[in-house]
Amino acid sequence: MNIRTFLEQRVRNAMSACGLAGNPGLQPAARPEFGDYQVNGIMGVAKQARRNPRELAGEVIAALDLDGIAEPPELAGPGFINLRLTPAFLAEHLATPLAVTPAGNPQHVVVDYSAPNLAKEMHVGHLRSTIIGDAVVRVLSTLGHTVTRQNHVGDWGTQFGMLLTHMQEAGASSAELADLEAFYVQAKQRFDSDAEFAMRSRANVVALQSGEVRARAAWQRFIDISLSHCQAVYDRLGVLLTAADVQPESAYNDDLPEVIRDLATAGLLTQSDGAQCVFLDEFKGKDGNVLPLIVQKSDGGYLYATTDLAAIRYRARTLRADRVLYFTDARQALHFRQVFAVARAAGFAPPDLQLEHLPFGAMLGRDGKPFKTRAGGVVKLTELLDEATQRARAIVNAKSAELPEEERARIAHAVGIGAVKYADLSKNRTNDYLFDWDQMLSFDGNTAPYLQYACTRIRSIFRRVDADFPAVDMAPAHAAERQLAMQLLRYQEVVETVAAEGLPHFLCVYLYDLATRFSQFYEQCPVLNAEADDRARRLGLCARTLATLEGGLGLLGIEVPERM
RNA sequence: GCGCCCAUAGCUCAAUUGGAUAGAGCACCAGGCUUCGAACCUGGGGGUUCGGGGUUCGAGUCCCUGUGGGCGCGCCA
């Protein structure tokens, strides 16, 4: 249950009973003295109604029906209303098993994420889209939305000409294609230095596009190998993407001429310097120039804007999506603004289709510059994950040498991969972020290992419980219990916020706060040695905390080891 | 030239989208294991939220402006 929206509705009812309309502005309390939730909106409403805010807040309080739910509301400051939930209410909701309540308006959501270029190997630039997109997919699914994952991989374009030529002439064996990055570099080098090779490469592009059988077969082979590289990375990362989610650029090839025709029919097309462009007034600058969106090159070729328009058309018409989310880096913000606007204007996207670009910043090294190898090259994702598990392994070996070898390996995987994912997820998506091994693998602070550790402590308690513990009154009897309980009950509202905003760091902050409160509770409240009722109630809190931490980490795609 | 984004403690990040006294971790200082995992917990110092105006009962958050940084903008994706 979303307690926040529940309380908000009660306040809204009270406001309308007083003849007021407006946002109650209900939020979790900023400080413990302010109770559990605070109402901020009365002051704004009072301003509108030209009334005294404190007086008005008093009237709302009088009309507020929270019997059995909250203590008598408190009027504070210039017109805040502070709400404190009753022990009985807390007890009632702690006693029900943890479950995320489905959304009242389930949608069909298409999530476009990861989207590597198959010409090259996956590198750190694909990490954020893959991890963040996957977490949001899990959150949406848990809330009962129908989610279609779409991995819009780049499998088409002129660079495949040189790759095919190089494959046909130099290295067609799987061994040589094992290192796609090196293969690409070799092909590019030949393309740049050998005019004959470049010519054959361009011929290959034409052959490919015209559907010539041998070129298509070679291309398909290359794509298959490249996709298997991607899948290996996805499997190690533990993201949900599979071959079934691949919806490559080439899938839209046949639609591209239709897209152009539709744009022409809608009267949106303008020829400019030989290229077909769409000019929309909303992209007019102060200097009077209008930014074009080029949809067809002067040589007749199509561009990624064309493909993205075709994809929107497909998602609206064939998939009948209600909402489409794009997880790509922030540099593409203008591109998507333009594509969305053109899709609306052309009728590809009906007015009620939500199109959202959810951008993210760059991944920087400790020096604050783009994350690169020492030599200045791109960091392959497989190498990054190797290092993550190696570093985690070293820590596990040092701290838990007594555990069996095979278990330490599993722990190192969970901790290493979890640390990398959590480091990314826990920061506000929209900003650049610093990639720092020592920080993400630390057991202090807002990190995956800290949360995983909290889980193993709770599990350790349950390993010592021999019998089932009886159901008892869950009303908190200690300040630390109450702090923990209140946080537990906020899970639903946080999950819903992540779904609405596409910002998983809200969930991370929540889980870290929960784990911190648990640690405080654990310090202050003995569980196993407590008197019977205390023991049962505290075990109940432990069970609920473990379920919430595991559930939350699960939504982030992070595993929790039994011991560590 | 036009446009977008960013600037919060020494460092890395929050601040629920305009709410009450800007919070965490690291680092620094001082404490806590004969009781459930000390990979933990408790306390302390540390801030002109880049500068300057403005709107508002209330601004880190909105508007204007200056500085510094990043990025995008006709035939790559």
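Sequence lines set the chain letters: A, B, ... in the order given, protein chains first and strands last, and positions in each chain run from 1. Bear in mind that the values here come from a model prediction, so they are computed numbers and not experimental data.
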With syn defined as a glycosidic angle within 90 degrees of 0 and anti as anything else, the base of B/rU17 is syn
Q.
Does a side-chain N or O of A/Arg457 approach OP1 or OP2 of B/rA38 to a distance below 4.0 Å, or not?
A. yes
Item checked: Aromatic ring proximity, centroids under 6.0 angstrom, A/Phe360 and A/Phe327 -> no
Query raised in the report: If you look at every strand shown and take non-hydrogen atoms under 4.0 Å, does A/Asn82 touch a base, only sugar-phosphate, or nothing?
Result: base
Atom CZ of A/Arg429 and atom C1' of B/rU16 are separated, to the nearest Å, by 15 Å
- With sugar-phosphate meaning primed atoms plus P, OP1 and OP2, does A/Gln27 contact a base, only sugar-phosphate, or nothing at under 4.0 Å between heavy atoms? sugar-phosphate
| Just checking, A/Arg490 and A/Tyr510: is the charged tip under 6.0 Å from the six-membered ring centre and within 45° of the axis? | no
Rounded to whole Å, NZ of A/Lys427 lies from C1' of B/rA15 at a distance of 17 Å
request  = Give a yes/no on whether any side-chain N or O of A/Lys297 is located under 4.0 angstrom from OP1 or OP2 of B/rC76.
outcome  = yes
Atom CZ of A/Arg31 and atom C1' of B/rG23 are separated, to the nearest Å, by 10 Å
Does A/Tyr512 reach a base, just sugar-phosphate, or nothing at all? Heavy atoms under 4.0 Å. sugar-phosphate
Atom CD of A/Gln338 and atom C1' of B/rG3 are separated, to the nearest Å, by 11 Å
Contact class for A/Asn40 vs. all strands (heavy atom < 4.0 Å): base, sugar-phosphate, or nothing? base
Expected list for residues 432-451 of chain A near RNA chain B, using heavy atoms below 4.0 Å, is A/Tyr433, A/Leu434, A/Gln439, A/Phe443, A/Asp444, A/Gly445, A/Tyr450
Quick one: label A/Ala46 by what it contacts on the DNA or RNA (base, sugar-phosphate, nothing), any heavy atom closer than 4.0 Å. nothing
Mind checking if A/Gln38 touches a base, just sugar-phosphate, or nothing, with heavy atoms under 4.0 Å? base
Q. Taking atom types as they are modelled, is there a donor-acceptor pair under 3.5 Å from the base of B/rA39 to the side chain of A/Ser400?
A. yes
Margin query: Taking any heavy-atom pair under 4.0 Å as a contact, classify A/Gln159: base, sugar-phosphate, or nothing.
Written below: nothing
### Query
Cut-off 3.5 Å, side chains only: do A/Ser114 and A/His126 have a donor facing an acceptor?
no
task = Under 4.0 Å between any heavy atoms, over every strand shown, what does A/Thr158 touch: base, sugar-phosphate, or nothing? Just pick one.
result = nothing
What distance, rounded to whole Å, do you find between the two C1' atoms, one in B/rG19 and one in B/rU56? 12 Å
Quick one: label A/Ile294 by what it contacts on the DNA or RNA (base, sugar-phosphate, nothing), any heavy atom closer than 4.0 Å. base
Next on the checklist: Is the phosphate of B/rU42 approached by A/Gln520 (side-chain N or O, under 4.0 Å from OP1 or OP2)?
Outcome noted: yes
task = Taking atom types as modelled, find out whether A/Asp155 and A/Ser250 have a side-chain donor-acceptor pair closer than 3.5 angstrom.
result = yes
**Prompt:** Taking atom types as modelled and ignoring hydrogens, do the side chains of A/Asp308 and A/Tyr252 form a donor-acceptor contact shorter than 3.5 angstrom?
**Reply:** no
### Task
Would you classify A/His335 as touching base, sugar-phosphate or nothing, given that sugar-phosphate means primed atoms plus P, OP1 and OP2, and contacts are heavy atoms under 4.0 Å?
nothing
Point to revise | A/Glu496 and A/Asn2 side chains, donor-acceptor separation under 3.5 Å | key: yes
query = Under 4.0 Å between a side-chain N/O of A/Arg331 and OP1 or OP2 of B/rG70, yes or no?
reply = no
Mind checking A/Lys399 for me? I need base, sugar-phosphate or nothing, with any heavy atom below 4.0 Å counting as a touch. base
From CG of A/Asp155 across to C1' of B/rA77 the rounded distance in Å is 12 Å
note: A/Phe283, atom CZ; B/rG1, atom P; distance rounded to Å ~ 22 Å
Rounded distance in Å between the P positions of B/rG52 and B/rU48
11 Å
Determine whether the aromatic ring centres of A/Phe521 and A/Phe518 lie less than 6.0 Å apart. yes
**Asked** What is the nucleic acid contact for A/Cys525, judged by heavy atoms within less than 4.0 Å: base, sugar-phosphate only, or nothing?
**Response** base
Residue set satisfying ring-ring contact (aromatic ring centres under 6.0 Å, His included) with A/Tyr37, at least two apart, ordered chain then number -> none
For a quick check of understanding: with a heavy-atom distance under 4.0 Å over all strands, which category does A/Asp299 fall into, base, sugar-phosphate or nothing?
nothing
Open item on the list: Counting the atoms with a prime plus P, OP1 and OP2 as sugar-phosphate, which does A/Ser298 contact under 4.0 Å by heavy atoms, base, sugar-phosphate, or nothing?
Closed with: base
Pairs of donor and acceptor atoms involving the side chains of residues 290-304 of chain A, under 3.5 Å and at least two apart or interchain, shall be tabulated with distances.
residue, atom, partner, partner atom, Å
A/Gln296, NE2, A/Gly300, O, 3.0
A/Asp299, OD1, A/Gly301, N, 2.8
A/Tyr304, OH, A/His335, ND1, 3.3

From CG of A/Leu503 across to C1' of B/rC13 the rounded distance in Å is 15 Å
